[in-house]
Peer 1: 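Submitted below is the structure of interest, expressed as C-alpha cells.
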There are 2 protein chains.
Amino acid sequence: MSATVTLMHVAQEAGVSPSTVSRILNGTANVTPDKRERVEAVIHRLNFTPNVQAQALANGRSFSVGVLTQKLSSAFYGETLAGIEQGLDGSPYHPLVVSGHWRAKQEQQALDLLIRRRVDALIVLGGVIGDAALQRVAAQMPLVAVGREVSGLPERCVLIDNHAGIRQVVLHLAGLGHRDIAYIGGDECQQDAVERRQGFEDSLREMGLPFQPRLVMIGDYTEVSGEWAAAELLASGLPFTALVCANDQMAFGARLSLYRRGLRVPEDISLTGFDDLFNSRYTTPPLTTVHQAVNELGQLAAETVLRLLAGEQPHLSSYVPQLVIRESTGPAPLSPTAGGH
Amino acid sequence: MSATVTLMHVAQEAGVSPSTVSRILNGTANVTPDKRERVEAVIHRLNFTPNVQAQALANGRSFSVGVLTQKLSSAFYGETLAGIEQGLDGSPYHPLVVSGHWRAKQEQQALDLLIRRRVDALIVLGGVIGDAALQRVAAQMPLVAVGREVSGLPERCVLIDNHAGIRQVVLHLAGLGHRDIAYIGGDECQQDAVERRQGFEDSLREMGLPFQPRLVMIGDYTEVSGEWAAAELLASGLPFTALVCANDQMAFGARLSLYRRGLRVPEDISLTGFDDLFNSRYTTPPLTTVHQAVNELGQLAAETVLRLLAGEQPHLSSYVPQLVIRESTGPAPLSPTAGGH
DNA sequence: CTGTTAGCGCGTTCAG
DNA sequence: CTGAACGCGCTAACAG
C-alpha cells in the first residue's frame with residue numbers, strides 16, 4: 001500500500017550516504033554526533049525500519065533459528081516453544097516455527113521451508129522423520145534435537161531418561177503396596193513410547209512384581225485412546241489396583257473411564273501419568289505424574305544453539321525427570337476390586 | 001559450513017542463463033524440454049534450494065503472513081494457530097508467528113519484528129496493544145484481528161458474541177431451577193471479560209433472577225485465580241447452587257476448590273466454563289461450557305487474509321458461540337447448601 | 001524461446 | 001570519519 005521507506009530514502013533526506021546510515025544502524029563505526037542525530041531524527045520521522053530480508057542477503061545471516069515442532073496446538077510442545085522463545089530472547093536471533101504433524105513427509109517439507117528461509121540453525125522437537133535427513137541438515141548448520149535421539153549426533157540431543165521416569169512411578173506404587181499394576185502405553189513408533197513401556201516392565205521385575213502382559217494396553221498418547229484403553233482394561237475383568245499411563249493425556253482419558261464406572265481415585269484405583277502437563281495439577285484429584293521440565297528443556301535447547309552459533313561445542317546429555325506425587329495415588333486397597341470393576 | 005549453492009551455480013553447471021533457471025523454477029515462461037530436464041537434473045544433483053530472502057527482495061513479496069499471538073503455550077491460541085496454519089496451507093503463504101505475552105510493549109516489539117521481516121499481511125490474536133498501532137499497520141498491509149475489536153476496522157475482526165454465549169449459560173442454568181448463581185470473571189482490561197460479565201448480569205435480569213454483587217469475583221483467566229476465587233466464594237458463606245466461570249481455565253481451578261471442600265459437581269453445585277478447551281471434555285465430570293470454534297476461527301482468519309491479499313474485500317462479522325451441555329450442570333438442589341459450604 | 005541488463009535494500013570493502 | 005562502488009541471490013523487462 002504505502003511505499004515502504006528504505007535506507008536510501010533516509011540517507012537522501014538526511015543528506016548523507018547510505019553507508020553512513022547503515023553504520024549508525026549497526027554501530028559498525030563511529031559517526032559524528034551531529035550526523036548521527038540528524039539521521040536518527042529522519043529515521044524516526046519517516047518511521048523507517050530496516051528490511052531484514054535485505055540485511056540477511058547482504059551479510060549472509062538471517063538471524064533466525066528454525067524450529068520444527070509437531071503440533072502448534074500441543075500443550076506439551078507449546079511450553080517447549082515458549083522456552084525456546086525465552087532462551088533466544090536477548091540474542092539477535094528469532095525463532096521461525098513450522099510444524100510437521102508427526103508425518104515424515106510434512107516434516108521434510110517443513111525442513112525444506114526452513115532451509116529455503118536460510119535459517120542459521122535448527123531445533124527439532126520430536127518427530128518421526130528419519131535420522132538421515134537430520135544428519136544432512138546438521139552437516140550444514142548447528143542442530144539441536146529435543147526429545148528424540150538422532151544417531152550420529154549424540155551430544156546434540158537433549159533427552160529425558162524415560163526409563164528412569166517410569167521406574168520412579170513403579171517404585172512409588174510398589175511402596176504403596178500395589179501388586180497388580182496395569183499399563184497404557186503409547187504407539188511404539190515413537191521412541192519414548194518403547195522406552196517407557198520397557199521401563200515399566202523392567203521396574204516391575206526389579207521390584208519382584210509380576211509382569212502381566214494382559215494388563216498392558218497400547219494407545220496413541222491421546223485422551224480418547226486412554227479412555228478407550230482403560231475401558232477395555234476394566235471390561236476385561238482382570239484385577240488391578242493401579243493404572244500407569246505413558247503420558248498425562250491418556251491418564252486424563254483413563255480418569256474419565258474410571259469416573260464413568262464409579263471408581264474412585266485413588267481409593268479404588270491409583271492413577272499416574274507422565275509429562276506433568278499444566279492441567280495435571282487441576283484434575284480431580286490432582287495427578288501424580290513424572291515432571292518433565294519442558295519449558296526449561298526448550299530454553300536449554302535455545303541456549304545450546306546460541307553457543308553453537310558462537311562457535312562453542314557444548315555437549316548435551318540425558319536428563320532425569322522427577323516424580324511428582326500428588327493425590328491420584330494412594331495405598332493399594334486390601335482387596336482389589338477384581339473382575340467386578 | 002558447506003558453501004550454499006545458488007541459482008547462478010545451477011545455471012553455469014547446466015550451461016544456461018540464470019533467467020532460464022528462474023523461469024523453470026517459477027513456471028514463468030516456457031522452456032525447451034531438453035533444457036528444462038537438464039536444469040532440473042542439476043538442481044537435483046546440486047540439491048539446490050532457492051533463497052527465499054533473495055526472492056522476497058527481488059519481487060517485493062515475502063509470501064509470509066505475520067501472526068501476533070500472545071502465548072505459545074496457550075491451548076486456546078495454539079488451536080487457533082493450527083487453524084491458521086491449515087488455512088494458509090495450499091497457498092504460497094506461510095505463517096510467521098511471534099508472541100506478545102499480553103504486554104503492550106512486547107506486542108509492539110513483535111509487530112516491529114514482523115514489519116522488519118516485511119510480512120505481506122498480519123493476523124492479530126487478542127492482545128492489549130492499542131488500536132492506534134494496529135490501525136497504523138492496517139494502513140500498510142491487510143490485517144485481520146481475531147478475538148478483539150479494532151476500532152475503525154470493524155469488518156476486519158472475527159469476533160465472537162460473548163454476551164450471547166454467557167446468556168445461553170444463564171438460560172440453561174435458570175431452566176434447571178438455579179436462582180443463586182455465582183460468577184467468576186476475568187480481568188476487565190480484556191474486552192471479552194467485560195462483555196461476559198455484562199452478559200451475565202443482563203441475562204440474570206432478563207430471567208428475573210436476582211443479581212447479587214457479592215456473588216461475583218474477579219480472576220485473571222488462570223486456573224489458580226479460579227481456584228482462589230471459588231475458595232473465597234465458598235468461604236463467604238453466601239448460598240449459591242451454580243458457579244459460572246468466564247473461561248474454562250478458571251472453571252478447572254474452581255473445580256479443584258469444590259473437590260477440596262468435598263462438594264459434588266453437579267449434585268451440590270453446577271459448574272460452567274467458557275471456551276470449550278479440549279480438556280473440558282475430560283474433566284470429571286465433563287464440563288458444560290460455551291464452545292468457541294477456535295480452530296475454525298483461525299482458518300477463517302487465514303482465508304480472509306488470503307482474499308485480502310488477492311485484492312478482494314471480504315467482510316467479517318460476529319460469530320455466536322454455542323453452549324455445550326455436558327455433565328457439570330444439573331438440577332438445582334432443593335435446599336442450597338447455604339453457608340455451610 | 002532465451003540471454004543480457006538492471007535493480008530489490010542493505011552491508012562492506014576501499015579510497016579519500 | 002565518510003562516500004563510492006560492488007555484491008548478496010534472484011526476478012523482470014528488454015532485446016534478440
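Throughout, protein chains are lettered first and strands after them, A, B, ... in sequence-line order, and every chain is numbered starting at 1.
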Peer 1: Rounded to the Å, how far apart are B:Ile115 CD1 and C:dG9 P?
Peer 2: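 The distance from CD1 of B:Ile115 to P of C:dG9 comes to 16 Å, rounded to the nearest Å.
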
Peer 1: In whole angstrom, what separates B:Arg116's CZ from C:dC8's C1'?
Peer 2: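 For the pair B:Arg116 CZ and C:dC8 C1', the rounded distance is 19 Å.
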
Peer 1: Determine: side-chain N/O of A:Asn51 to OP1/OP2 of C:dC10, distance under 4.0 Å, yes or no.
Peer 2: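 No, outside the criterion.
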
Peer 1: Would you indicate what A:Pro50 reaches in the nucleic acid, counting non-hydrogen atoms under 4.0 angstrom: base, sugar-phosphate, or nothing?
Peer 2: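 Result for A:Pro50 = sugar-phosphate.
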
Peer 1: Check whether any side-chain nitrogen or oxygen of A:Gln55 sits under 4.0 Å from OP1 or OP2 of C:dG11, and answer yes or no.
Peer 2: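 Affirmative; the distance criterion is met.
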
Peer 1: Starting at atom CZ of B:Arg61, determine the distance to atom P of C:dG9, rounded to an integer number of angstrom.
Peer 2: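 Distance, rounded to whole Å: 15 Å.
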
Peer 1: Nearest-Å distance, CZ (A:Arg118) to P (C:dC10)?
Peer 2: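 Roughly 21 Å, once rounded to whole Å.
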
Peer 1: What I'd like to find out is whether the side chain of B:Phe278 reaches to under 4.5 Å of the side chain of A:Thr222, using heavy atoms alone.
Peer 2: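 When only atoms from C-beta onward are counted, A:Thr222 and B:Phe278 do not touch, as no gap falls below 4.5 Å.
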
Peer 1: Among B:Ile129, B:Leu125, B:Val128, whose side-chain contact (heavy atoms from CB on, under 4.5 Å) with B:Arg148 holds?
Peer 2: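 Answer after filtering B:Ile129, B:Leu125, B:Val128: B:Ile129.
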
Peer 1: Give me the residues of residues 19-28 of chain B where at least one heavy atom lies under 4.0 Å from an atom of DNA chain D, by number, or none.
Peer 2: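 Result for residues 19-28 of chain B: B:Ser19, B:Ser22, B:Arg23, B:Asn26, sorted by number.
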
Peer 1: Is it true that A:Arg103 and A:Glu107 make a salt bridge, defined as a side-chain N closer than 4.0 Å to a carboxylate O?
Peer 2: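 Answer for the salt bridge query: no.
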
Peer 1: Indicate whether OP1 or OP2 belonging to D:dG3 is found under 4.0 Å from a side-chain N or O atom of A:Ser17.
Peer 2: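 Looking at the OP1 and OP2 atoms of D:dG3, one of them is under 4.0 Å from a side-chain N or O of A:Ser17.
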
Peer 1: Expressed as a whole number of angstroms, how long is the span from A:Gln53:CD to D:dC8:P?
Peer 2: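 Nearest whole value for this atom pair: 18 Å.
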
Peer 1: Evaluate the side-chain contact (heavy atoms from CB on, under 4.5 Å) criterion for residues A:Tyr93 and A:Leu306: first the C-alpha distance (whole Å), next the side-chain angles of each, then the deciding distance (0.1 Å), finally the verdict.
Peer 2: CA-CA 8 Å; A:Tyr93 292 88; A:Leu306 251 23; 3.9 Å; yes

Peer 1: Could you give the CD1-to-C1' distance, from B:Ile43 to D:dG9, as a whole number of Å?
Peer 2: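 To the nearest whole Å, that distance equals 14 Å.
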
Peer 1: Which whole-number value in Å describes the distance from B:Leu57 CG to C:dC8 C1'?
Peer 2: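 Rounded to whole Å, this separation is 4 Å.
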
Peer 1: Of the options C:dC1, C:dC8, C:dG11, whose atoms approach the side-chain atoms of B:Thr32 most closely?
Peer 2: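 My answer, after comparing the listed nucleotides, is C:dC1.
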
Peer 1: Consider only side-chain N and O atoms of A:Asp275 and A:Tyr221, and report whether a donor and an acceptor are under 3.5 Å apart.
Peer 2: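 Short answer, no.
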
Peer 1: Any donor-acceptor pair under 3.5 Å linking the side-chain atoms of A:Ser317 with those of A:Glu155?
Peer 2: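 Result is no, nothing qualifies.
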
Peer 1: Between D:dC10, D:dA12, C:dC10, which nucleotide has the shortest distance from any of its atoms to the side chain of A:Leu7?
Peer 2: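 Among the listed nucleotides, the one closest to the side chain of A:Leu7 is C:dC10.
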
Peer 1: Less than 4.5 Å apart, any side-chain heavy atom of B:Phe63 and any of B:Gln55?
Peer 2: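 Contact flag for B:Phe63/B:Gln55 side chains = no.
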
Peer 1: Tell me: CG of B:Asp34 to P of C:dC1, nearest whole Å?
Peer 2: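 B:Asp34 atom CG is separated from C:dC1 atom P by 12 Å.
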
